[in-house]
Amino acid sequence: MTNMRSLMCGQVDESHVGEELSLCGWVARRREHGEHLAFIDLRDHTGVVQCVVDGAADLRSEWVVRITGTVRNRPEGTVNDQLATGAVELGGCAIEVLSRAEPPPFPLDDRSGDVDEVVRLRHRYVDLRREEMQRNLRTRARIVGAIRRSMDEQGFVEVETPLLIASTPEGARDFVVPSRHRPGSFYALPQSPQLFKQLCMVGGLDRYYQIARCLRDEDLRADRQFEFTQLDAEMSFADQEDVLEVISAAVDAAAGTVTGEAIGEVERMRWVDAMNRFGSDKPDIRFGMELTELTDLFVGTGFNAFTASSIKGIRHPGASSATSRTRLDDLTDSAKRWGAKGLVWMRVETGDDGELILNSPVAKFMTDAELSGVAQRLGAEEGDLLFLVADDWATTTHVLGLLRLELGRPPTDDGVLRFLWVVEFPLFETIDPDTGRPVPAHHPFTMPHPDDIDLLDGSPEQLTSVRSQAYDLVLNGWELGSGSVRIHRSDLQQRILDLLGIAADEAAARFGFLLDAFRYGAPPHAGFAFGVDRLVALLLGVDNIREVIAFPKTQSGTDPLTGAPTEIDAAQLADLGLRPLPPQG
RNA sequence: GGUCCCGUGGUGCAGCUUGGAGUGCACGCCGGCCUGUCAAGCCGGAGGUCGCGGGUUCAAAUCCCGUCGGGACCGCCA
């Protein structure tokens, strides 16, 4: 293999019996039996092999050693079935210590519970030796390789786009890099290669892709880091169907490296259906508990809290007896934190005459018709819990969507992969109450749905009902990525910019180079990007992308290993023409 | 910007509700014994600012306030 070693630890088997081998690795464990016998478990990323020393072995955990010995079958009765190499051992070993090591700061086997993540991150180089981290990073590499091969095979050309780019005010908060040559001016690090990949289309690359690092200075979460990796792609002379097909193939290749099977045809759902049925634009469709429309049951109701424009409910089957009043109060508090005015819960019970009874503090404010309507609409059965929210449509769906996840979401590692295309996103999110202008839901270059273009001239209500040719890929309730068909005609682009209230000079200043480019022959094009970290995490069944990133940051954006972010010295600041403000307060 | 949870020898936990000597468990570490173990075993030992600061109290790991660090989430992430 190399001059130093002849085989990897995990590869030693009965076919090597009689061979003298040199193996290198870390001392995983040692079992010493006095002056005459010692067992050393030698570990590298491929596994562990037992090495026998006929004497004392002056070794400690995690020392780095080179062991030379002869492979032999283990004596009868000492074969270890738990170990892949357990039928053989390296005998008559001579040991060369390559590096001594202090005791590891935390156990490297899986014997204890989860180690504090800060301790792991501070000593990430030790953490990475653990089998789980090796698996995660090596699987990640195979997934990225599969994605690359898939895109290559589909005729996409990998192009690197710049990391130091011009800041654009919309979207996420930029990370920013001061310019030494032009003090007071800054580069931004890309939130995504969005504009560059569209320039690639104008440039005739036809099909672009990149495994791209993206940076966004927003608050971190289990599925969000400052910097993350996307498969970014764009294709010319293509529509939404073409993009969905290409990306589905790439995701299928990625999933196949882990599951060994095809993901099949990816389901599709319109955005409006996702919101109505699941209260989310990234529904987790591994489980039911869908939202049920109840608004019409309460038209003209005497229950003041339910004189709302949108009333929906969910049913938690069989949950009543296992759910305490305290828990219900907690859920009500949660619903209020999420924006609801309140949460109505009902225990489904059976009366003496066998009739269903909805037991709830607010039942007395509802008519029998309303109560039976709720029970029937939700399909209530004895022992169920029902939850109702009455508010505007956005709040009702949002709160019940979150409640549904809180109550019914399966664990991340349940082994189920439910991919979903969410299509027909709205073109505009809302109408800004201050400016009266629509706010783009995706970005200003998103192509409206062809059937809705006439609505662009309509009322504000009509504007918010305009669908776009934007689409998201969702897996088990995580947004993997999004894309759209782009506007390539300057007249339509101008109409959208006018609607958004972006004046010509402003547009020129913000992304004029793209608009200029489009004047020189822009092919119709469409694209997509999905998060590699999230995909890898879900394929591995881990609920945190830090587990699939070699050197991640904490939730507050620090790196316990390097201490980043750090202050820089005065000379460096002066060189950049920067002076920190005095501390506030 | 906000809500909630966590912080006890190197690691993981218990102790906190109901204040009473740094009390306990497992692993690790150091030393000794040990010729077939494999989470080796047996014996002995060391190791602590109970995150930090303040308050209440005769007395605080324990109760209260603040703060720092970490995590989950809401907002935010075109």
Side-chain angles (χ1 to χ4, degrees), chain A residues 28-42 48-57 60-62 74-83 85-86 89 91 102-123 126 168-174 191-192 194-195 214-226 228 330 333-340 398-399 401-402 405-406 425-430 438-446 468 470 479 482 484 500 502 510-511 531 543-544 546 553-558 560:
Chain A
R29 201 165 281 126
R30 73 214 134 86
R31 297 173 290 281
E32 293 179 82
H33 293 255
E35 297 173 23
H36 304 289
L37 178 68
F39 299 97
I40 310 299
D41 286 346
L42 185 67
V48 167
V49 65
Q50 172 168 286
C51 305
V52 185
V53 180
D54 301 315
R60 293 291 185 271
S61 289
E62 299 306 313
R74 290 199 187 187
E76 206 175 327
T78 65
V79 168
N80 185 350
D81 295 332
Q82 309 298 319
L83 207 59
T85 61
E89 64 190 11
E102 291 180 23
F106 51 89
L108 297 196
D109 55 28
D110 295 327
R111 286 171 56 179
S112 51
D114 289 341
V115 176
D116 182 1
E117 209 180 333
V118 182
V119 177
R120 288 176 56 202
L121 291 181
R122 186 173 298 131
H123 303 277
V126 173
T168 51
E170 65 280 334
R173 201 175 288 114
D174 280 329
Q191 300 167 25
S192 81
Q194 180 63 39
L195 299 178
C214 306
L215 299 105
R216 296 176 189 175
D217 188 4
E218 296 291 346
D219 289 354
L220 277 42
R221 286 281 208 292
D223 61 351
R224 281 162 33 185
Q225 284 271 302
F226 283 154
F228 58 100
D330 286 346
D333 289 343
S334 293
K336 286 176 179 169
R337 278 200 304 277
W338 294 331
H398 174 67
V399 170
L402 290 172
L405 292 175
E406 168 78 23
F425 268 67
L427 189 63
F428 304 115
E429 207 166 86
T430 52
V439 179
H442 193 52
H443 58 61
F445 319 114
T446 306
S468 69
E479 181 193 321
S482 57
S484 63
L500 296 174
I502 300 175
R510 277 161 61 174
F511 31 75
D543 53 17
N544 192 315
R546 294 188 297 272
K553 307 243 180 329
T554 65
Q555 195 166 80
S556 59
T558 64

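Letters go in sequence order (proteins before strands), and every chain restarts at 1.
Salt bridge status for A/R224 with A/D219: absent, with no side-chain N to carboxylate O gap under 4.0 Å. A salt bridge links A/E117 with A/R546: the distance from a Lys NZ or Arg NE/NH1/NH2 to an Asp or Glu carboxylate oxygen falls below 4.0 Å.
Listed nucleotides B/U11, B/C74, B/A39 differ in distance to A/N80; the shortest reach to its side chain belongs to B/A39. In the set B/C77, B/C30, B/C74, B/C74 carries the atom at the smallest distance from any side-chain atom of A/H398. In the set B/C29, B/C38, B/G70, B/C29 carries the atom at the smallest distance from any side-chain atom of A/S61. Of the candidate nucleotides B/G70, B/U35, B/C29, B/G70 has the atom lying nearest to any side-chain atom of A/S556. Comparing atom distances between the A/Q50 side chain and each of B/A72, B/G70, B/U37 picks out B/U37 as nearest. Here B/C73 is the nucleotide among B/G71, B/C73, B/A40 with the atom lying nearest to any side-chain atom of A/W338. Of all nucleotides listed (B/U11, B/G70, B/G36), B/G70 comes nearest to the side chain of A/T558. In the set B/G70, B/A72, B/G36, the nucleotide with an atom closest to the side chain of A/A222 is B/A72. Listed candidates were B/G1, B/U11, B/U37. Nearest to the side chain of A/D219 is B/G1. For A/R221, the listed nucleotide lying nearest its side chain is B/C73; candidates were B/C73, B/C30, B/G12.
Distances shown here put every side-chain N or O of A/R337 at or beyond 4.0 Å from the OP1 or OP2 atom of B/C73. Under 4.0 angstrom from either OP1 or OP2 of B/U37 there lies no side-chain N or O belonging to A/T78. Close to B/U37, at under 4.0 Å from its OP1 or OP2, lies no side-chain N or O of A/R31.
Under the 4.5 Å side-chain criterion, counting only non-hydrogen atoms from C-beta, A/W338 is in contact with A/E406. At least one side-chain heavy atom of A/H33 sits less than 4.5 Å from a side-chain heavy atom of A/F39.
Between B/C38 and B/C27, the distance separating the two P atoms is 14 Å to the nearest Å. The same atom, P, is picked in B/U56 and in B/C65; the two are 15 Å apart, to the nearest Å. If you take atom C1' in B/U57 and the same atom in B/U62, they sit 13 Å apart, rounded to whole Å. When the C1' atom is used for both B/G28 and B/G20, the distance is 32 Å, rounded to whole Å.
Ring-base stacking between A/F39 and B/U37 is satisfied, the centre separation being under 5.5 Å and the plane angle under 30°. No aromatic stack links A/H33 and the base of B/G36, using centre distance under 5.5 Å and interplanar angle under 30°.
Side-chain atoms of A/R29 stay outside donor-acceptor range of the base of B/C38, with no qualifying N/O pair under 3.5 Å. Contact of A/R30 with B/C38 (side chain to base): no donor-acceptor pair of N or O atoms is detected under 3.5 Å.
At whole-Å resolution of the value, CG in A/L37 and P in B/C38 are 12 Å apart. Atom CG of A/D333 and atom P of B/C5 are 12 Å apart (whole Å). When the C1' atom of B/U35 is taken as reference, atom CD of A/E35 falls 11 Å away, rounded to whole Å. Rounding to whole angstrom units, CG of residue A/D223 and P of B/G71 are separated by 14 Å. As a whole-Å value, the separation of A/E89 CD from B/U35 C1' is 13 Å. The separation between A/R216 atom CZ and B/C76 atom P is 15 Å, rounded to whole Å. Following rounding to the nearest Å, A/E32 (CD) and B/G36 (P) show an atom-to-atom distance of 14 Å. With rounding to whole Å, A/E76 atom CD is found 17 Å from B/U37 atom C1'.
Among the atoms of the strands shown, only primed sugar atoms or phosphate atoms (P, OP1, OP2) are found under 4.0 Å from some heavy atom of A/R546.
Checking A/R60 against A/V118, the closest nucleotide of RNA chain B that is more toward the 5' end is the one next to A/R60. Nucleotides of RNA chain B nearest to A/S192 and A/G77 differ in position, and the one nearer the 5' end is that of A/G77.
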